[in-house]
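The next block holds one structure in the form of structure tokens; read it before the comments.
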Number of protein chains: 4
Amino acid sequence: MPRPPGHGPGYEVKRQEIIDQAAALFAKQGYAATGIAELGEVAGLAKGALYYYIGSKENLLVEIQDRVLGPLLTGARSIAALDEDPVLKLRLLSQALLDIILARLDHIWVYEHDYRHLTGSNRSRLLRQRREFEKIVRGLLVAAMDVGAFRRLDPRLAMLQFLNLHNHTYQWARADGPWDAAFLSREYCATLISGFCSDGYDVAGLEKRLAEYRERSSA
Amino acid sequence: MPRPPGHGPGYEVKRQEIIDQAAALFAKQGYAATGIAELGEVAGLAKGALYYYIGSKENLLVEIQDRVLGPLLTGARSIAALDEDPVLKLRLLSQALLDIILARLDHIWVYEHDYRHLTGSNRSRLLRQRREFEKIVRGLLVAAMDVGAFRRLDPRLAMLQFLNLHNHTYQWARADGPWDAAFLSREYCATLISGFCSDGYDVAGLEKRLAEYRERSSA
Amino acid sequence: MPRPPGHGPGYEVKRQEIIDQAAALFAKQGYAATGIAELGEVAGLAKGALYYYIGSKENLLVEIQDRVLGPLLTGARSIAALDEDPVLKLRLLSQALLDIILARLDHIWVYEHDYRHLTGSNRSRLLRQRREFEKIVRGLLVAAMDVGAFRRLDPRLAMLQFLNLHNHTYQWARADGPWDAAFLSREYCATLISGFCSDGYDVAGLEKRLAEYRERSSA
Amino acid sequence: MPRPPGHGPGYEVKRQEIIDQAAALFAKQGYAATGIAELGEVAGLAKGALYYYIGSKENLLVEIQDRVLGPLLTGARSIAALDEDPVLKLRLLSQALLDIILARLDHIWVYEHDYRHLTGSNRSRLLRQRREFEKIVRGLLVAAMDVGAFRRLDPRLAMLQFLNLHNHTYQWARADGPWDAAFLSREYCATLISGFCSDGYDVAGLEKRLAEYRERSSA
DNA sequence: CATGAATGAGAGTTCATTCAT
DNA sequence: CATGAATGAACTCTCATTCAT
């Protein structure tokens, strides 16, 4: 993200504001259908000044993607590194993912819909990061099989089911909807784990173990 | 789709070909990013001749949506009307849905991504049809609860889980992929039904009942 | 008007029908705003067949102009050649002009509005004919001055007043309007001759002399 | 004519220049036959920059119509409100009308020829204003009958004669022609009033009364 | 820092005309 | 005689981007 050097103190603040507003507009109307002029109106800036902050329209898209993928990967990596039961880690990852989806619905909408408008290295960087996230999910699923919690499943298909169920949520979720991330994560995981687990696995026990973990880690 | 009267026998054939090609391009690049000129190149027609067939760019989008929603609703309605166990009907609906998704991956991609570019009555008609489909799914889920096969779930959340799991498939499925609709439907339904069913429900028995139904109905 | 040689008997009939329909459309919507396709629809012919009859769009314009200017010049020439009082001849010319205007309102509309879309020789021919008509009017006015009926006026300005008053009629006249050509001619000429005539000229007597002339010439 | 906010000082100047140039082109070639590209060439601007000023092609037409109808109605209303002899007021209105016609020949040409290309509210607004002008003329003619200056005429036909004679002037007048508005108005009114007036009305006296009025009102 | 003005390519669409069948 | 299909240029308009001030 090369930025022209030498900016005043308010630069980054204003810049982040503009990205917020862009995300909202892109989510509502689509990236392609949103014009720079419209962004300027919302930001209260003329086009020239806008470009001073954003560099280019595609840059905005990159920033929005990063705002999603950055926390997502950070969260996923640290969860993967925990020394805990893989099923519990899946549950944690599920909630982290839903947290981000619900907290930044507009960003997610752009992330899911308009990543195709990225070009060149922006695009390949994005795809690499997406693959890393998928790999972490798959790794946890395989670990759950290895410890005998899950049946032997096709790891890729299991991962895709996990992602299908979570990622499609942005299509219908609303900031003021009835369900929060914790609730949705519990429901989704109940469904997935019932389907994936070995005979006799104690599905209901997971939430208790989650509560224990929370207590432990906050201590 | 009113067409000016008086067209030769080859007209409709060519027209359908063009819609095929448009679906492929829209799926690959997005509706907004695909130009009429590009469509013309692929179709081997100048822009003028192209318009002779398509009427407008939005018209293409409408046709593609209809190719998805038409069969989908027809299938869903006839399945809903069957006098069978609601869980079996869900399994049938799941496969019908995946059949369409996998058979017309590019159409689905456009259907899921670019419906927002529809305007006016085209848009409202689409949304109405989508709601009808969702209502059928919800109806089957509620019926499964009523007969005691499923636990008492929030019907809307159950429907959304069903749709999340199925509809997101277009994001990664490939025409030459390893899994067909029958296989995916079995896996998805296994997951969902394990999660949704009442204690003691015979999940594994579903596939046997499906085979019996197939035999019966083909007889 | 070179036409491809060798036509069947119905050719000219159909051709004239098409010109009628074209005049109606051009009058209502303007020449530029009327498409060949629209003409075809009205004529019940596909575009190819239409071109067989019309040659080109501009050709239609030429034909319409001719339908106006042909009779107009023929009438004007024969009136100018009469051995009568020039004021009476002006009265006759006025009515001939209004006859044509009211009888073919749509043609006149096109004639007055769209002659600018003519190109090349079509255009110069039209302008030549228009000038000839103006010359005839001017000649009659000068003759009326020469015999002492009219004051000495600027001949060009007198002619222009004559034409202003008559030619602008197409702007508001309606086929089903309250006034016919005879009435309008009487009114217009009353106005003009009152303004143009020498002191003591018997304006009111003109209509009587007109009636006598009519009797004479029909005998 | 709502313009986006925030324009520099030169904006309106340039904008008016462009409208001038557009009026000249439209008058010469017709609105429909004049392309945006051609306007840009004349203005020395690329198409994009042109649109920055004009908004749309139809907007240009609206502006040109307003430049004619604005002064025309303002003038007509203030003349109608004068406490003077109706015949004198007709004479004043005649000259005001011809002033505008001769001062902005190209605008008038567009006004008379291309108003049909206006759509929607632009069109209805124009027609409403045209009718108001006609009503003022008719009102003055009826007033002249009421005071006994004119014979009892059909008010509508008298108005139409007035308008025919004046409005058709644009068809042949030239900016560098031999006659100015004052002269033409005197001639036209002499013709009309001779035709319309009651027996014994002092036509010749009108010009004297006009001179007196001018003296009075300039004092 | 911020502006308004300009660009130029490209968008979707229309249309008079041609021609093989 | 008549058709439907094809062309290609022109149409109005939009938009991301740049830059002198």
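Each chain gets a letter, A, B and so on, in the order its sequence line appears, and its residues count up from 1. Since we're looking at a predicted model, the values are computed, not measured.
- When rounded to the nearest whole Å, the span between NE2 of C:H117 and P of E:dA16 equals 11 Å.
- If you measure from atom CG of B:L39 to atom C1' of F:dA6, you get 17 Å, rounded to the nearest angstrom.
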With both pairing distances under 3.5 angstrom for Watson-Crick or G-U wobble, and | for a partner in another strand, the correct string for DNA chain E is .||||||||||||||||||||

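- The A:L45 side chain lies nearest to E:dT3 when the options are E:dA16, F:dG4, E:dT3.
- Side-chain N or O atoms of C:K57 include one that pairs as donor or acceptor with a backbone N or O of C:T34 at under 3.5 Å.
- Between the C:R67 side chain and the C:H107 main chain, no donor and acceptor come within less than 3.5 Å of each other.
- With the nearest nucleotide of DNA chain F identified for both B:G10 and D:E38, B:G10 has the one nearer the 5' end.
- Nearest to the side-chain atoms of C:Y53 among the listed nucleotides F:dC13, F:dG4, F:dC1 stands F:dC1.
- Between the side chains of D:Q171 and D:E112, no donor-acceptor pair of N or O atoms lies under 3.5 Å.
- Between B:A37 and C:T34, the residue anchored closer to the 5' end of DNA chain E is B:A37, taking for each the nucleotide with the nearest heavy atom.
- The nucleotide whose nearest atom lies closest to any side-chain atom of C:I36 is, among E:dA6, E:dA16, F:dC13, E:dA16.
- Taking the nucleotide of DNA chain F with the nearest heavy atom to each of D:K57 and B:P9, the more 5' of the two is matched to B:P9.
- Side chain of C:K28 to main chain of C:D106: no donor-acceptor pair is present (N/O by atom type, distance under 3.5 Å, no hydrogens or angles).
- Whole-Å rounding puts the B:R15 CZ to F:dA6 P distance at 14 Å.
- Here OH of B:Y31 is found 5.5 Å from CD of B:E58. Values are rounded to the nearest 0.5 Å.
- Taking 4.5 Å as the limit, some side-chain heavy atom of C:L126 sits within range of a side-chain heavy atom of C:Y111.
- In this structure, OH of D:Y31 is placed 12 Å from C1' of F:dC11, rounded to the nearest angstrom.
- Going from atom CD of C:E58 over to atom P of E:dC15 covers 18 Å, rounded to whole Å.
- Ionic pairing of A:E12 and A:R15 is present here: one or more N-O contacts between side-chain nitrogen and carboxylate oxygen are shorter than 4.0 angstrom.
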Using the 3.5 Å cut-off, write out each protein N or O paired with an N or O of nucleotides 19-21 of chain E and the distance between them.
none

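- Exactly one of A:D20, A:V110, A:N59, A:D114 qualifies for a side-chain contact (heavy atoms from CB on, under 4.5 Å) with A:I64. That residue is A:V110.
- OP1 and OP2 of E:dT3 both lie 4.0 Å or more from every side-chain N or O belonging to A:Y52.
- The distance from atom CG of D:L50 to atom P of F:dC15 is 17 Å, rounded to the nearest whole Å.
- Side-chain proximity of B:K14 to the nucleotides F:dA16, E:dG4, F:dA6 is greatest for F:dA6.
- Both the sub-6.0 Å distance and the 45° axial angle are not jointly satisfied by A:R104 relative to the ring of A:Y170.
- Look at CD1 on B:I54: it is 9 Å from P on E:dG12, rounded to the nearest Å.
- The interatomic distance linking B:Y11 (OH) with F:dT3 (C1') rounds to 15 Å, in whole Å.
- Between the side chains of D:E63 and D:Q16, no donor-acceptor pair is found at a separation under 3.5 Å.
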